[in-house]
Amino acid sequence: MKVGDLVVYNPIAVGGMTGDIVRSEDYGLGIVLDENPYYYFINWSNVVGPMLAIPKDHVVPATTENVQQIREHDEREKKLDKWATI
C-alpha cells in the first residue's frame, strides 16, 4: 500500500482485539496520508480529528472481498459479545 490508497481496519490481523474492543466499523474507510517503516498515518471516515498512526499490519486495502470478510468477522464478534454479557 502507498499514500493515497483506501484502506479498512483489519481486526482479523490482530486477533479481534487491541486492548479495547475495536471493530473495523469503528473506523470506517480510511485513506493513507503518510507512512513510515512501521505505521500508516490514516484519516478515517468515522473518526473525528487528526489522522491516526496505525501499525501497517492492522490495515488492508479496501477491496470488496476484504470489506465483506471484515464485516462477517465483526458480526461474529458482536454475537459473541452479546453472549458474554448475559
Taking only residues at least two apart or on different chains, which pairs with a member in residues 2-12 satisfy salt bridge (charged side-chain N to carboxylate O under 4.0 Å, His left out)?
K2-D5
Would you say V7 and I31 make side-chain contact, with heavy atoms under 4.5 Å?
no
Is the shortest heavy-atom distance from the side chain of Y27 to the side chain of L52 under 4.5 Å?
yes
Under 3.5 Å donor-acceptor pairs involving side-chain atoms of residues 32-44, not counting sequence neighbours:
from: E35; atom 1: OE1; to: K56; atom 2: NZ; distance (Å): 2.8
from: N36; atom 1: OD1; to: Y38; atom 2: N; distance (Å): 2.8
from: N36; atom 1: OD1; to: Y39; atom 2: N; distance (Å): 2.8

Considering residues at least two apart in sequence or located in another chain, which fulfil the side chain to side chain donor-acceptor pair (under 3.5 Å) criterion with Q68?
E72
For S45, enumerate each residue passing the side chain to side chain donor-acceptor pair (under 3.5 Å) test, keeping only those at least two apart in sequence or located in another chain.
none
Excluding sequence neighbours, so at least two apart, what forms side-chain contact (heavy atoms from CB on, under 4.5 Å) with E75?
K78
Got a sec, which pairs hit salt bridge (charged side-chain N to carboxylate O under 4.0 Å, His left out) with one end in residues 36-45, sequence neighbours left out?
none
What is the minimum heavy-atom distance between L29 and A62, and which atoms define it?
CD1-CB, 3.5 Å
